[in-house]
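Report on one structure; see the data block that follows.
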Amino acid sequence: MIRSDNHVHTSFSTDSDTPMEAMVQRGIELGLDSVCFTDHIDYDFPDTGNGVEFLFEMEPYFEMLSFLQGKYPQFEIRRGVELGLKPDLAQRCNVLIQTHPFDFVIGSTHLVDDTDPYYPSFWEQFSEKDGIRRYYEITMENIRTDTKFDVYGHIDYIIRYTPTQQKNKAQGIIDEAYMDRCFRDSSDMIDEILRLLLAKGKGIEVNTAGIKYGLGHTNPQEKVLKRYRELGGEIITVGSDAHETKHLAYAFEGIPELLRKCGFRYYTEFRKRKPEMIPL
């Protein structure tokens, strides 16, 4: 069993209203040993007209983490952040990372040319194939900036929001052929992303929110996880990307077998920015 959720959001993230303590209590109920909170910092997130700004104050964040660790000493609470990366933000992100005592830092691509693929307006600019490839181009640019993250988050995040996937989700369809085509159409770029990460000593995550979003697969899908392992990758964290208590440790029961099938013998937890390999 995976006993640690390493990608968890709370009311410190703009897109969640779940109190941090509620997540701790739910983790204890589920029999987890720990969580790592990774609330959103996305500097310069574009104005979408609804006042969304993915930022929070660091001092109250760390104070709450310390308070809850004191209140629930039997449950390990680790200090993380999910950074929305952009090629022009590397220095700003690195200052944040280097001046705060994080245990774990996720770097993620949420924006493509200042537009989140979550919004239908993104797909007015691109065909699905070209939009996905542009997402991976930006991901490569983000990795090359040398931002000091630990793992790259939900590498194929964009697949959740393509028009085809949104239609499949609405109809309750899990389209394996579509998932395979998405991989084949961009496998060269995925390979380059994985090689760049490995060259920099970075890991990736297996994010179970893809299952929640109706993909029938984690983010990234199994072919990406297997390829990462084939290339020599070993650092792999497991996270639910939960924004509500009901999604904490979502679909974790199938992850050990999934990782073993992809060639892994361990998953990874970070403490004080150091990876620790946990046997599956």
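Bear in mind the structure is a predicted one, so any value in this text is a computation, not a measurement. Reckoned from all heavy atoms, side chains included, excluding hydrogens, waters and symmetry mates.
Within 6.0 Å of atom CD in Q98, more than 12 heavy atoms from other residues, nucleotides or ligands are found, so the atom counts as buried in its surroundings. Residue Y118 qualifies as open at atom OH: its count of foreign heavy atoms under 6.0 Å is 12 or below. At most 12 heavy atoms of other shown residues, nucleotides or ligands fall within 6.0 angstrom of atom CD in Q91. When the shell of 6.0 Å around NZ of K226 is examined, it contains 12 or fewer heavy atoms from other residues, nucleotides or ligands.
Between T208 and S240, the shortest heavy-atom contact is OG1-CA, 3.3 Å. Counting all heavy atoms, side chain and backbone alike, I106 lies closest to F149 at C-CB, 4.3 Å. Residue I158 comes nearest to P117 through the heavy atom pair CG1-CB, 3.8 Å, listed as atom of the first residue, atom of the second, then distance. A pairwise comparison of heavy atoms in N219 and H154 identifies CB-CB, 3.8 Å as the closest pair.
Considering D116, T115, D42 as possible partners of H110, the one that fulfils the side-chain hydrogen bond (donor to acceptor under 3.5 Å, both in side chains) test is D42. Here the rule is side chain to side chain contact (heavy atoms under 4.5 Å, CB included) with H9, and of H243, H247, M23, E244 only H243 fits it.
L225 and I174 are not part of a single hydrophobic cluster, where members link through side-chain heavy atoms under 4.5 Å apart. Hydrophobic clustering keeps Y250 apart from L215 (ILVMFWY residues linked when any side-chain heavy atoms are closer than 4.5 Å, directly or through intermediates). I211 is not connected to V8 by any chain of hydrophobic side-chain contacts under 4.5 Å among Ile, Leu, Val, Met, Phe, Trp and Tyr, and they are in different clusters. Following chains of ILVMFWY side-chain contacts shorter than 4.5 Å, one cannot reach L231 starting from M277, and the two form parts of different hydrophobic clusters.
Between D150 and F102, every side-chain heavy-atom pair lies at or beyond the 4.5 Å cut-off. Between I132 and M189 there is no side-chain heavy-atom pair separated by less than 4.5 Å. Between M20 and D39 the shortest side-chain heavy-atom distance falls below 4.5 Å. Within the 4.5 Å cutoff, the side chain of L30 has no heavy atoms near those of the D5 side chain. With contacts defined as side-chain heavy-atom distances shorter than 4.5 Å, the pair K223/D180 qualifies. Residues F104 and T237 form a side-chain contact, since some pair of their non-hydrogen atoms from C-beta on lies under 4.5 Å apart. Put simply, the side chain of K148 does not reach to within 4.5 Å of the side chain of L96, judged on heavy atoms. Counting heavy atoms from C-beta outward, T145 and L89 have side chains that stay 4.5 Å or more apart.
Counting only residues at least two apart or on different chains, the salt bridge (charged side-chain N to carboxylate O under 4.0 Å, His left out) pairs with a member in residues 98-110 are R79-D103. Residue pairs meeting the ring-ring contact (aromatic ring centres under 6.0 Å, His included) criterion with at least one member in residues 194-227, sequence neighbours excluded, are Y161-Y213. Listed by first and then second residue, the salt bridge (charged side-chain N to carboxylate O under 4.0 Å, His left out) pairs involving residues 197-207 are D146-K200 (not counting sequence neighbours). Among pairs with a residue in residues 10-24, those fulfilling salt bridge (charged side-chain N to carboxylate O under 4.0 Å, His left out) read E21-K71, at least two apart in sequence or across chains.
For the residue pair T109/Y152, the side-chain donor-acceptor check at 3.5 Å is satisfied. Checked by atom type, the side-chain pair N6/T38 shows no donor-acceptor distance below 3.5 Å. A donor-acceptor pair shorter than 3.5 Å can be found between the side chains of D241 and H7.
Partners of R227 according to the salt bridge (charged side-chain N to carboxylate O under 4.0 Å, His left out) rule, which considers only residues two or more places apart in sequence or in another chain, are D191, E230. Residues passing the salt bridge (charged side-chain N to carboxylate O under 4.0 Å, His left out) test with E29 are R26, sequence neighbours excluded. Taking T99 as the reference, V95 meet the side chain to side chain contact (heavy atoms under 4.5 Å, CB included) condition, with sequence neighbours excluded. Take L196 and apply the side chain to side chain contact (heavy atoms under 4.5 Å, CB included) test, not counting sequence neighbours, and it matches M140, I143, R144, E192. Contacts of P19 classified as side chain to side chain contact (heavy atoms under 4.5 Å, CB included), with partners at least two apart in sequence or in another chain: A22. Take E124 and apply the side chain to side chain contact (heavy atoms under 4.5 Å, CB included) test, not counting sequence neighbours, and it matches S121.
Ring pair Y157/Y135 is parallel by interplanar angle, where below 30° counts as parallel and above 60° as perpendicular.
For R78 (side chain) and F270 (main-chain N/O), a donor-acceptor pair under 3.5 Å exists by modelled atom type. No donor-acceptor distance shorter than 3.5 angstrom exists from the side chain of T162 to the backbone of E128, with no hydrogens or angles considered. Of the possible donor and acceptor atoms, one in the side chain of Q69 sits under 3.5 Å from a partner among the backbone N and O of I77.
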List the atom pairs, with distances to 0.1 Å, where a side-chain N or O of residues 261-268 and a protein N or O form a donor-acceptor pair under 3.5 Å, not counting sequence neighbours.
{"residue": "Y267", "atom": "OH", "partner": "E269", "partner atom": "OE2", "Å": "3.2"}
{"residue": "T268", "atom": "OG1", "partner": "I236", "partner atom": "N", "Å": "3.0"}
{"residue": "T268", "atom": "OG1", "partner": "I236", "partner atom": "O", "Å": "3.4"}

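Using a 4.5 Å cut-off between side-chain heavy atoms of Ile, Leu, Val, Met, Phe, Trp and Tyr, I173 forms no hydrophobic cluster with any other residue.
Taken to the nearest 0.5 Å, the NZ atom of K212 stands 8.5 Å off from the CG atom of N207. Here Y228 contributes atom OH and I193 contributes atom CD1; the two are 13.5 Å apart, rounded to the nearest 0.5 Å. Interatomic distance, L197 CG to T139 OG1, rounded to the nearest 0.5 Å: 9.0 Å.
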Determine, stepwise, if the pair R92 / D44 fulfils salt bridge (charged side-chain N to carboxylate O under 4.0 Å, His left out). CA-CA 11 Å; R92 193 172 178 186; D44 295 343; 3.4 Å; yes

Checking salt bridge (charged side-chain N to carboxylate O under 4.0 Å, His left out) for the pair D114/K86: CA distance, chi angles, key distance, verdict? CA-CA 9 Å; D114 278 338; K86 293 171 63 180; 2.8 Å; yes

